[in-house]
Amino acid sequence: MGELSWKGVLDRREDDADRRRTIVSIAYRHQDAINEWLGYGAKAWRQALQPLTPEQRRLFVDTLLAYERAVSG
């Protein structure tokens, strides 16, 4: 379990449909603060990616991941 779970920012629970999975979510009491902090960026990403097809979105994400690997490595 990570630091964000220990501090109560994240909730973790077993998936009732598949006990091998753990569902992680933002704790209810922290959702407003997290949305305020990250919400504008998430909304902008949704608007930017919405017109793309699923294949185009996948290419975009794969390109960002390749870039991240290149600058990290």
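Closest of all the heavy-atom pairs between Leu65 and Arg58 is CD1-NH2, 4.4 Å. Closest heavy-atom contact between Gly8 and Ala27: O-CB, 3.2 Å.
Clustering ILVMFWY residues whenever any of their side-chain heavy atoms sit less than 4.5 angstrom apart, transitively, puts Leu64 in the very cluster that holds Leu49. When the side chains of ILVMFWY residues are joined at heavy-atom separations under 4.5 Å, either directly or via intervening members, Val24 and Leu38 end up in a single hydrophobic cluster. When hydrophobic clusters are built by joining Ile, Leu, Val, Met, Phe, Trp and Tyr residues whose side-chain heavy atoms come closer than 4.5 Å, directly or via intermediates, Ile26 is not grouped with Trp6. No continuous path of ILVMFWY side-chain contacts below 4.5 Å connects Ile23 to Leu10, so the two sit in separate hydrophobic clusters.
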Start with the C-alpha distance between Arg21 and Asp18, add both sets of side-chain angles, then the distance that settles side chain to side chain contact (heavy atoms under 4.5 Å, CB included), and finish with yes or no.
CA-CA 6 Å; Arg21 289 180 28 173; Asp18 183 350; 3.8 Å; yes
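Sorted by first and then second residue, the pairs that involve residues 40-73 and meet ring-ring contact (aromatic ring centres under 6.0 Å, His included), not counting sequence neighbours, are Trp45-Phe60.
A donor atom on one side chain and an acceptor atom on the other are not found under 3.5 Å apart for Thr22 and Arg12.
Counting only distance, with no hydrogens or angles, the side chain of Arg57 and the backbone of Leu52 share a donor-acceptor pair below 3.5 Å. Panel note: side chain Arg20, backbone Asp15; no donor-acceptor pair is recorded below 3.5 Å. Using modelled atom types, one side-chain atom of Gln56 and one backbone atom of Thr53 make a donor-acceptor pair closer than 3.5 Å.
With rounding to the nearest 0.5 angstrom, the CD atom of Glu36 is 14.0 Å from the CD atom of Gln31. In this structure, CG on Asp11 lies 8.5 Å from CZ on Arg29, to the nearest 0.5 angstrom. Put simply, NZ on Lys43 and CG on Asn35 are 12.5 Å apart, with the number rounded to the nearest 0.5 Å.
In this structure Arg19 satisfies the salt bridge (Lys or Arg N to Asp or Glu O under 4.0 Å) test together with Glu14, Asp16, sequence neighbours excluded.
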